[in-house]
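This is the structure I have questions about; it appears just below.
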4 protein chains.
Amino acid sequence: MKTKDRILDIARTMIAEIGYHGTTTAALAKRAGISEGTIYRHFENKEDILLHILQDLDDKYSAFLQTLRSARDGDHGTIERILQGHVQFSMDNLADLKIVLSSYALLSPSKQSMTTVIERMHEFFSECMRRSMEMGVIREVEVDPTAKTLVALLLGVMQLKVYWPDMDGDFDPQAVLFVRRSLVPEA
Amino acid sequence: MKTKDRILDIARTMIAEIGYHGTTTAALAKRAGISEGTIYRHFENKEDILLHILQDLDDKYSAFLQTLRSARDGDHGTIERILQGHVQFSMDNLADLKIVLSSYALLSPSKQSMTTVIERMHEFFSECMRRSMEMGVIREVEVDPTAKTLVALLLGVMQLKVYWPDMDGDFDPQAVLFVRRSLVPEA
Amino acid sequence: MKTKDRILDIARTMIAEIGYHGTTTAALAKRAGISEGTIYRHFENKEDILLHILQDLDDKYSAFLQTLRSARDGDHGTIERILQGHVQFSMDNLADLKIVLSSYALLSPSKQSMTTVIERMHEFFSECMRRSMEMGVIREVEVDPTAKTLVALLLGVMQLKVYWPDMDGDFDPQAVLFVRRSLVPEA
Amino acid sequence: MKTKDRILDIARTMIAEIGYHGTTTAALAKRAGISEGTIYRHFENKEDILLHILQDLDDKYSAFLQTLRSARDGDHGTIERILQGHVQFSMDNLADLKIVLSSYALLSPSKQSMTTVIERMHEFFSECMRRSMEMGVIREVEVDPTAKTLVALLLGVMQLKVYWPDMDGDFDPQAVLFVRRSLVPEA
DNA sequence: CATGAATGAGCATTCATTCAT
DNA sequence: CATGAATGAATGCTCATTCAT
């Protein structure tokens, strides 16, 4: 692996574990087996490392949304696939998620990144719901605030799964059911 | 106001704004109009200030739950009142909430505090749902994972309202409706 | 006991245990059951407390020398009594001794105090030896440097006894014998 | 000279002059012509500097004892050479000696270091005396307490020479004579 | 590309001393 | 005489960043 990628990799792990402020350049260099100065050969400064990590996550999420879009078939199962897909995506990118969730309140690049994710998520959900409503597979609801509700739910689920894994107990199938009962009219 | 309370007050504001690590004792003292040494006459160390803030929040949440408990009357409106109450409580204690939400991932006292809140919230929701189910005002659902879903939703709603107030657009009435559709059988 | 004396008493104990710098006015006040401000009602500053302790030791040593002077009878046993007396005096005033021994190198009042003690000890030993030589009970030796040697020996013995009590093993009778062999001609 | 050695050198001087607590990292850095942070590139913390100084002294004393051991020839002059050698060693390592003497009562690393020195000194003296007694060049005395007496004497002599150089007046030849009279039988 | 010594501003914390009550 | 809250300068230590090699 290239030095730059090793730095990013170690940084991802460390920031996820002990936070952005807790991750010192000295410790990062040591754990990556390089000298402290080398970090500055590849990144402008410490924040730049975070920016790269956030950009990577952004790209991964874009690709993920693309996959979801192409895979949808518009039936009433769509909503489930979307929710489960997002949970799966969270688990697949745990470290990145931890980084964003633990820092968006305090670091503006993280806040910016999280804002983008949330906006795209909201847009995607809105779009899906509008389509499904047109096809008559879900109830007639107010799209915008309902999409926000779904975003909120997903945000909360991720956090519960990330930070209280002990409590989890695999409650997400029931969360999906919860959403289905609210959106899909009974047969 | 007593010096100790002034310190707590300013600290609450500052930590909510710029985080625990961003809040330096020097800046805190300056903004409180006292000398740095005075802080240590009232608190053991910087973390002790955080502990006091968290304890205060804990007490306020306990009192809030007590109010909710005594006010419930078991009809199908209960669930709405609980959700709206929690949203209201969040808005009334915005600074404290920001502090917990922005630090529970990294500071163990905050994590501990948040864990307690979540557990109590979960327990309270479970209890309410069980009661409502017995009275036949909500559907028969699996209590535990559904309560977790509600906790997750609330956690997400709070964050959206706290950190993306611009996006909010007062979506919480629709969030309540979302929950009602999922839990309350149609007339 | 008067407040002033209680402060002095606690201070003596604390400085002997943890040194002058280690003894904070806050801890001293707490242990003496008074407020920090009260200390400054009785003493000009922290150093003033030390000065009082040193003065007390000075007085006690003066009185001790007076006793020795009046008790001496000039026979060859005198030197033993003087040495043993000094060791005894050290043990009786352990706290004060620890204070002086641990601080004379760094605090000028202590250095001054120690200087006075050493000079008086030297003078006293010289005087005794001169007398004993006149009476023919000890060998003819050079008084001044021999008295210094005795002072040095005593200084060392005190330290060994104070700081390495485990090692001691009651070696002072042999130390006295060591001196006797050097000074008293064999029968 | 390497930066690390310069720091050690200046620290030795400063600690000898104004004590360990009196020597601040800021003053040390300034006097060494480096920044404060540089100190921590070479030493873990302030105590670590002291530890290095003590270790150096330990090594020097070990080497010194080795020299003494190889140079002894067992005649009745041995004891003189040992005493004079120790006095000389003290003068050659005045700063280190001052550091140990001024801090062993309060700092545990210093205490530990001093304890080691005293034990080795005691052991070495005992060994020499036993040898000399076997060769019949000194009197039959109780080895252990007499060795302690010599240690005490040496400890006291060092202090007098280090802290009261004005008073000294080169009394150590007479101190050696004092010991010789006590240990070596008259011809 | 890589190094690692050096920097210096910044941090939490301590403590002798003061002073209004 | 006594209090105890307040002070503020000082301390040991950290850490992102620079730069000569």
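It should be emphasised that the depicted structure is a prediction, and the values quoted were computed from it without experimental measurement. Naming: A, B, ... by sequence-line order, numbering from 1 per chain.
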Open item on the list: At less than 4.0 Å, is any side-chain N or O atom of A:S35 found next to OP1 or OP2 of E:dG4? Yes or no.
Closed with: no
Task: Under 3.5 Å donor-acceptor, B:Y20 side chain and B:E47 backbone - done: yes
TODO: Let me know the distance between OH of D:Y20 and C1' of F:dG12, rounded to the nearest Å.
DONE: 9 Å
Open item on the list: Side chain of A:K46, heavy atoms from C-beta onward: which of F:dT17, E:dT13, E:dG4 has the nearest atom to it?
Closed with: F:dT17
Task: Short N-O contact, B:K60 and B:D92, less than 4.0 angstrom - done: no
Open item on the list: Please report the distance, rounded to the nearest Å, between CZ in B:F43 and C1' in E:dT14.
Closed with: 18 Å
Open item on the list: Expressed as a whole number of angstroms, how long is the span from C:I7:CD1 to E:dA16:P?
Closed with: 14 Å
Open item on the list: Whole angstroms only, please: what is the NZ-P distance between A:K30 and E:dG4?
Closed with: 13 Å
- [ ] Report the nucleotide, chosen from E:dT3, F:dT3, E:dT7, that has the shortest atom-to-atom distance to any side-chain atom of D:T38.
- [x] E:dT7
Open item on the list: From C-beta outward on A:N45, which listed nucleotide comes closest to its side chain: F:dT17, E:dA2, F:dA5?
Closed with: F:dT17
Open item on the list: Taking the minimum atom-to-atom distance to the side chain of D:I34, which one of E:dT13, E:dT7, F:dA5 wins?
Closed with: E:dT7
Task: Along DNA chain E (nearest heavy atom to each residue), the more 5'-positioned of C:T23 and B:T25 - done: B:T25
TODO: Specify the residue among D:E36 and C:I39 whose closest nucleotide of DNA chain F lies further upstream toward the 5′ end.
DONE: C:I39
Open item on the list: With a 3.5 Å limit on both atom pairs, tell me what F:dT14 is paired to, counting Watson-Crick and G-U wobble, or say none.
Closed with: E:dA9
- [ ] Could you state the atom-to-atom distance from CG of D:L107 to P of F:dG12 in whole Å?
- [x] 13 Å
Open item on the list: Suppose we define a pair by two distances each less than 3.5 Å, Watson-Crick or G-U wobble; what does E:dT21 pair with here?
Closed with: F:dA2
Task: Rounded distance [0.5 Å steps], NZ in B:K98 versus CD in B:E17 - done: 7.5 Å
Open item on the list: Which is more 5' along DNA chain F, the nucleotide nearest B:H42 or the one nearest D:Y40? Just name the residue.
Closed with: B:H42
Open item on the list: I'd like to know if A:D9 pairs up with A:K4 as an ion pair, taking the criterion as any Lys NZ or Arg NE/NH1/NH2 lying under 4.0 Å from an Asp or Glu carboxylate oxygen.
Closed with: no
Open item on the list: Under 3.5 Å, is there a donor on one side chain and an acceptor on the other for B:S113 and B:T116?
Closed with: no
Task: Distance in angstrom units between C:E47 CD and E:dA16 C1', rounded - done: 12 Å
Open item on the list: Of the options F:dA2, E:dC11, E:dA16, whose atoms approach the side-chain atoms of B:T24 most closely?
Closed with: E:dC11
- [ ] Rounded to the nearest angstrom, tell me the gap between atom CZ in A:R41 and atom C1' in F:dA16.
- [x] 17 Å
TODO: Quickly work out the B:L28 CG to E:dC11 P distance and round it to whole Å.
DONE: 12 Å
